[in-house]
Amino acid sequence: MFSRCCSKFPCPGGLQTNGERGLGIDASSYLALMKSVGDHGGVQVHAHAVKRGHDRDVYLRNAILSSYAKVGHLEDARRLFDEMPEKRTPADWNSMISGYWKWGLRERARELFNAMPGKNVISWTAMVAGSAKTGDLQGARKYFDEMPRRNVVSWNAMLSGYFQNGFQDEALKLFDEMVSSGFPPDDTTWVTVISSCTARGDASFATRLMERLGLDQEHIDLNYFVKTALLNMYAKCGNITKARWIFDDLGSRRSTVTWNAMISAYCKEGDLASARELFDMMPLLERDVVSWNSMICGYTQNGQSTLAIELFHQMVSVEAGVLMKPDEVTITSVLSACGHLGAMESGKWMVEYVNKHQIKLDLSGYNSMLFMYSRCGSMDEARRVFHKVMEVKDVVSYNTLITGLAAHGLGGEALQLLSEMKTRGIEPNRVTYIGVLTACSHAGLIEEGWRVFGSIREPAVDHYACMVDLLGRVGELKKAELLIREMPMEPHSGVYGSLLNACRIHRRVDLGEVAARKLFELEPHNSGNYVLLSNLYASVGSWGDVDRVRELMRGRGVKKTTALSWVEYNGRIHEFVAGDISHEQTNEIYRLLGDLETRMRRAGYMVDDSCSLRDVGQEEKEESVRVHSERLAICYALLVSEVGSAIRVVKNLRLCSDCHTAIKMISKLEGRKIIVRDNNRFHHFVEGKCSCNNYW
DNA sequence: GTAGGGTTAG
């Protein structure tokens, strides 16, 4: 706006020399103007001011220099800085130094700082803050220790440096030092101290501190920054009532951050309705990317992946009114939602979106992408991202890929990754070993499993559960039993669950009953355990016992879990339950199913469409002969998807063995690759064979 | 009258 004004209406020459009063705009008016237009506007004020000779005013020059530096026009800022060495003030040096820090040019910042004559407390503080923000805490501390004079801002810079980098204990220690050396904390100090306590999950510590220093938390004078930090502290420490009290108390002084903190507080509590209510109440212009991210992440983390994806589409749609650009946090969350759903089409669409809009993903973003691909059954893409795209990897990246490989039964590759991460100096953690042991288990790698188990410094109960699973799956039930007896801690439900599942696979009713009894004690309301036991009875034809288990469930009021299967097609999730007749293409689906079964029988396969492993969740016996959901889902996919493409089905409960056989046949008869995810396991059916071999 | 420190999301 200003540059256009200048080019269209060149200023009369006479006024250019009349620097002090040109057109009645003096230097201080320019300064006021700059304040109102912000840094981006400030850059545009420059040309205008130069024409009137105001660039010789040191304050205005500095303001302009600062604007250039802040928006990243460092060369322009430097030109101004170099122009008139005789008029240079410490403020110019300091603006230049923090500009360099802001844009990550640490060496330039240091050079300038070293060359600066008459460094003042602001210069030193800029060095402390700059180093801390780039993660160089030692450097920051060195400047902090060496600075000849400190003020409260210097202390705050160092404190926040510790906090931002996750060293909350150091921050609190420094705060102690600060108080004992006589520096009274200000609001900013309190914000950092309270936040540090929040990060440590210790609300009472903050409260005690504030009391000790005579700061009443309900004091009316606390500024909204402090109140928001307090709100956040109570929210994170589980006192949602107190958090809400502060939120309501702030009234019109609420900022975007206050709203966001309250929204994420509700999300953390799992109270999505209240979170959404606030989100919808929030003035449209107040909503920033963090508000959207908080709500989307809230959905993802509370198992509402569909809503998360829906909200993302709302966020980027034009109808939302205010254009909102998603960032890497948004993408991380939505990719994760796609992974949880096994929604490959949506996931791919997201990746395309990222490329199209040039959103730069960080490590978490790529980890999320890895997660999405491997949960959608596309290990090739997951490997490609991991090996070819990601430059930096952390323990989460390795864990994600290893867990994915484990789910796909790719044990050897998981083992390879374990040794690779060790050579690269990335320390495996509890999760890594769960993944690797699971991988061994699914691939039947018993020796490797023992070796890995033996290498864990302090095996946790989950690792024992994995070993029981491994031993159990390959049929070593005696050894599994022995391991349980010898483990140094109390076995949890996962341990007995593995044992019971192994008994189901190997039809060991006697031992299975023992495991089930333990499980019913530990978690009497988990319907999965009853289903496992019932399936065990069914596998040996003890229908009376199957009915007994069902009675037991009813007697204890255990809720049945609906077995859902879903297929993603054309950007929509199509959901099926056993015996489903609600889908718009129901008739075609059943016709195809009947046709397939006829062909299977003709090919000499006995396929029992009642799925003799009956689902104890069904109330009525007749209902248990209803066709299982995954068969319906697969038939639907066969109808709509392209010939040659793989069929992906997600099932939220375990695939029964009759369906497993049936799907093998379908893959052969139709010449299609079928990928089924049940819980965390993948079955790749190709030409009548399944990747799980016999270890499923 | 210029320059340094603050809270929220994965």
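Small disclaimer: the values here were computed from a predicted structure and weren't measured. Reminder, nothing fancy here: chain letters follow the sequence lines and each chain counts from 1.
The side chain of A:F225 sits closest to B:dT7 out of B:dA3, B:dT7, B:dG4. Side chain of A:D327, nearest nucleotide from B:dT2, B:dT7, B:dA9: B:dA9. Side-chain proximity of A:T188 to B:dA3, B:dG10, B:dG6: nearest is B:dG6. For A:V329, the side-chain atoms get nearest to B:dA9 when compared with the rest of B:dG6, B:dA9, B:dA3.
Residue A:T89 places no side-chain N or O under 4.0 Å from the OP1 or OP2 atom of B:dT2. Between B:dT7 and A:N232, no contact under 4.0 Å exists linking OP1 or OP2 to a side-chain N or O. Close to B:dT7, at under 4.0 Å from its OP1 or OP2, lies a side-chain N or O of A:Q164.
Following rounding to the nearest Å, A:R253 (CZ) and B:dG6 (C1') show an atom-to-atom distance of 16 Å. As a whole-Å value, the separation of A:F279 CZ from B:dA9 P is 15 Å. The separation between A:L60 atom CG and B:dA3 atom C1' is 15 Å, rounded to whole Å. Here B:dG4 presents its P atom at 9 Å from CG of A:N62, a figure rounded to the nearest Å. Distance, A:N94 CG to B:dG4 P: 8 Å, rounded to whole Å. In this structure, A:I296 atom CD1 and B:dG10 atom P are separated by 12 Å, rounded to whole Å. The nearest whole Å value for the distance from the NZ atom in A:K102 to the C1' atom in B:dA3 is 14 Å. Nucleotide B:dT2 holds its C1' atom 17 Å from the OH atom of A:Y68, rounded to whole Å.
Counting any heavy atom pair closer than 4.0 Å across all strands shown, A:Y224 reaches no nucleic acid atom. Residue-level contact check: A:E328 touches the bases, meaning some heavy atom is under 4.0 Å from a base atom. If you check every strand for non-hydrogen atoms under 4.0 Å, A:S195 touches sugar and phosphate atoms only. Residue-level contact check: A:K133 touches the backbone only, with heavy atoms under 4.0 Å from sugar-phosphate atoms and none from bases. The residue A:S66 sits close only to the backbone: its heavy atoms come under 4.0 Å of sugar-phosphate atoms, none of a base. At a threshold of 4.0 angstrom between heavy atoms, the contacts of A:N151 include nucleobase atoms, whether or not backbone atoms are also involved. Within 4.0 Å (heavy atoms only), A:N367 reaches no atom of the nucleic acid at all.
Of the possible donor and acceptor atoms, none in the side chain of A:S378 sits under 3.5 Å from a partner among the backbone N and O of A:S374.
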Result block: side-chain N/O donor-acceptor pairs under 3.5 angstrom for residues 112-120 of chain A, not counting sequence neighbours:
| unit_1 | atom_1 | unit_2 | atom_2 | d |
| --- | --- | --- | --- | --- |
| A:N114 | ND2 | A:R110 | O | 3.2 |
| A:K119 | NZ | A:F113 | O | 3.3 |
| A:K119 | NZ | A:M116 | O | 3.2 |
| A:N120 | OD1 | A:N94 | ND2 | 3.3 |
| A:N120 | OD1 | A:I122 | N | 3.1 |
| A:N120 | OD1 | A:S123 | N | 2.9 |
| A:N120 | OD1 | A:S123 | OG | 2.7 |

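With hydrogens and angles ignored, a donor-acceptor pair closer than 3.5 Å exists between the side chain of A:D362 and the base of B:dG10. Scanning atom types as modelled, one donor and one acceptor separated by under 3.5 angstrom connect the side chain of A:T332 and the base of B:dG10.
Take A:Y162 and apply the ring pair (Phe, Tyr, Trp, His ring centres under 6.0 Å) test, not counting sequence neighbours, and it matches no residue. Every residue two or more places apart in sequence or in another chain that forms a salt bridge (charged side-chain N to carboxylate O under 4.0 Å, His left out) with A:E146 is listed here: A:K142. For A:Y353, the ring pair (Phe, Tyr, Trp, His ring centres under 6.0 Å) test picks out A:F312, A:W349, A:H357, with sequence neighbours left out.
Under the 6.0 Å distance and 45° angle rule, A:R106 does not count as a cation-pi partner of A:Y100.
At a non-hydrogen distance threshold of 4.0 Å, A:N120, A:V121, A:I122, A:T125, A:A129 from residues 117-129 of chain A come into contact with DNA chain B.
For the pair A:L401 and A:R383, the tightest heavy-atom approach, listed with the atom from each and the gap, is CD1-N, 4.5 Å.
Residue pairs that meet the side-chain hydrogen bond (donor to acceptor under 3.5 Å, both in side chains) test with at least one member in residues 326-345 of chain A, sequence neighbours left out, are A:N293-A:D327, A:N293-A:T330, A:T300-A:S333, A:D327-A:T330.
In this structure, A:H73 and A:Y68 have tilted ring planes: the angle between them lies in the 30° to 60° band.
Stacking between A:Y59 and B:dG1 is absent: the aromatic ring centre is not both under 5.5 angstrom from the base six-membered ring centre and within 30 degrees in plane angle.
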